[in-house]
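What's counted below: heavy atoms across the whole structure, side chains too, no hydrogens, waters or symmetry copies.
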Amino acid sequence: MNALEDWVVTSTDTLWTWLVLPLVIVLALYFTVRSGVVQVRLLPRMLKGLTDRTPTDAEGRPQSLSAFQAFTVSAASRVGIGNIAGVGTAIAVGGPGAVAWMWLMAIFGAATAFVESTLAQLYKHRDADGFRGGPAYYVQRGLGSRWLGVVLAVVLIVAAPFAVTMLQSFTIAETVTDSFPSGAPGWVAPAVAIVVAVLTGAVILGGAHRIALVTETVVPAMALLYLGLGIVIVVLHVDAIGPVVQAILEDAVSGRAVAGGALGTVILTGVQRGMFSNEAGFGTAPNAAASAATTHPVKQGLVQSLGVYFDTLFVCSITAFIILVTRPDLETAEPGVAMTHDAVVGSLGTWAGALLSLIVFLLAFSTILGLNFYGESNIEYITERRSVLMGYRGAVVAAVLVGGLVSATLVWSLADLLLGVLALLNLLALAPLSRHVFALLKDYTAQHRAGRDPVYTRDRIPGIPGVEVWEDERSVTGLPPQDDATRP
């Protein structure tokens, strides 16, 4: 097992350092410039998109998930263990400066999230349950490569619903066992894994709509609970806020990393952990974005950009401040969720450790649901056989069971390696397809400036290949078409 762990860790570092990291930075900068800094310029439109009307079918029923439901499904996978354990690991390895690079990654990564989610909307597929799509779909329809789409789908299924799901299960079990003052009995971790597996099966067997119903309730509740806990701790250490902000900004450019000792380590750690948390560029969130019923692909692209800000600038920042205002000894602190746990208990008492365990459970459980949603979309891309889908769901439940019992190092490194491969494939596909996104953005902006609620139909921008839906205004909006005189 040690040899396997060593190989996975080495391969992960090489992949991220020499391939993924440079490509992430170059494309995020390119998308930002090419879109006119869309992630900042259209921030008010992102907020409005959460309450956008959901188009209906001929019987008046919603065509698919609403924009808000799709947002919560993607937020369920984004806002997870990466926001607690990942931030703790980033600070332990890269020092406070890693936090600044996580922030920077979120701002520029929001442009990447906009591109990939807009493409997912453009190339989405309609089935009996609504819409589905993602990288596999836009690779096949936009680049004309079915085999590459299948490769992407398989990598995503192995990386997200299995490797990352195991990580969520492991962290839940670890948090519960750590909450025992004198050490947890040996049966606790397996019991926790069984409970989580049973709950997972109960939800995912209900399909996409049940997952959406659970996440639109759980995600806002857990986010508010965690933010509230963090704000209380920060207020109790209000005198430390200034020095913490100064340490984050100074360490980001000085490279005085606690364990890494170099600027490169600070940047790599911050970008890698930031990307792991907000998923911008991984190709996972587009699977949720494609499921939304909306009138223009750009609308959901903007909503998903907002999801990156919500994840990193709010939730990850709260974790960073919870840890840093309590002034931990970073040279001896245990990385991961233990850093956050120690900071919470040290500030508020033992009862707060139990509350954090509940929050970690909600974060991890919702992430499991969101990742399963992504996996189902890609299973249905490969084959629509019901037996395969049911077998996949059973395998996800098994992954939850196994995840509570394996090595932490192996789980984290395996998830990083697989997500690195997924990100590399997705980013290489985004580069040539992004021109369609900028054409859509131009169309959206022109309609909005003309005072019209933007509606996209595939005849508006000739020359985009492989578009399946978006036939006409009535099919897109569920309403009679507007008069041609109102068009820009």
Just verifying a value: how many Å separate [X] [atom1] and [Y] [atom2], rounded to the nearest 0.5 Å?
| X | Y | atom1 | atom2 | answer |
| --- | --- | --- | --- | --- |
| Leu422 | Leu156 | CG | CG | 5.0 Å |
| Met105 | Leu21 | CE | CG | 9.0 Å |
| Leu358 | Leu362 | CG | CG | 4.5 Å |
| Ile233 | Ile322 | CD1 | CD1 | 4.5 Å |
| Met102 | Cys316 | CE | SG | 4.0 Å |
| Ile157 | Ile379 | CD1 | CD1 | 3.5 Å |

Looking at side-chain heavy atoms only, is the closest gap between [X] and [Y] below 4.5 Å?
| X | Y | answer |
| --- | --- | --- |
| Lys124 | Tyr138 | no |
| Thr319 | Tyr226 | yes |
| Phe108 | Tyr30 | no |
| Gln39 | Phe114 | no |
| Tyr309 | Leu43 | yes |
| Leu348 | Leu229 | yes |
| Val164 | Gln168 | yes |
| Leu428 | Leu23 | yes |

Which pair of heavy atoms, one from [X] and one from [Y], lies closest together, and at what distance?
| X | Y | answer |
| --- | --- | --- |
| Tyr374 | Asn287 | CD2-CB, 3.5 Å |
| Gly301 | Thr118 | CA-OG1, 3.4 Å |
| Val115 | Phe31 | CG2-CG, 3.8 Å |
| Val234 | Phe321 | CG2-CB, 3.8 Å |
| Trp16 | Gly420 | NE1-CA, 3.9 Å |
| Ala193 | Ser169 | CB-OG, 4.3 Å |

- request: Would you mind listing every side-chain hydrogen bond (donor to acceptor under 3.5 Å, both in side chains) that reaches into residues 229-247, with sequence neighbours excluded?
  value: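 Passing the test, one end in residues 229-247: Gln246-Glu250.
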field: Any pair counted as side-chain hydrogen bond (donor to acceptor under 3.5 Å, both in side chains), so long as it reaches residues 102-112, sequence neighbours left out
entry: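 Listed once each, the pairs are Trp103-Ser317.
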field: Test log, rule side chain to side chain donor-acceptor pair (under 3.5 Å), inputs Tyr381 and Arg132
entry: CA-CA 9 Å; Tyr381 169 80; Arg132 54 183 166 88; over 6 Å; no
- request: May I have the step-by-step check of side-chain contact (heavy atoms from CB on, under 4.5 Å) for Met46 and Val303, ending in yes or no?
  value: CA-CA 5 Å; Met46 295 180 192; Val303 167; 6.0 Å; no
- prompt: Checking side-chain contact (heavy atoms from CB on, under 4.5 Å) for the pair Leu389/Arg386: CA distance, chi angles, key distance, verdict?
  reply: CA-CA 5 Å; Leu389 179 61; Arg386 183 72 177 173; 3.7 Å; yes
- prompt: Gln121 and Thr294: side-chain donor and acceptor closer than 3.5 Å?
  reply: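 Absent: no donor and acceptor within the cut-off.
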task: Run the numbers on Asn372 and Tyr392 for side-chain contact (heavy atoms from CB on, under 4.5 Å), then give the verdict.
output: CA-CA 9 Å; Asn372 174 78; Tyr392 158 79; 3.3 Å; yes
message: Tell me whether Phe314 at atom CZ has more than 12 heavy atoms from other residues, nucleotides or ligands lying less than 6.0 Å away.
response: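 Open.
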field: All side-chain contact (heavy atoms from CB on, under 4.5 Å) counterparts of Val345, not counting sequence neighbours
entry: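 Partners of Val345 by the side-chain contact (heavy atoms from CB on, under 4.5 Å) criterion, ordered by chain and then number, come out as His341.
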task: Would you please test Val37 and Val40 for side-chain contact (heavy atoms from CB on, under 4.5 Å) and show each step?
output: CA-CA 6 Å; Val37 199; Val40 176; 3.8 Å; yes
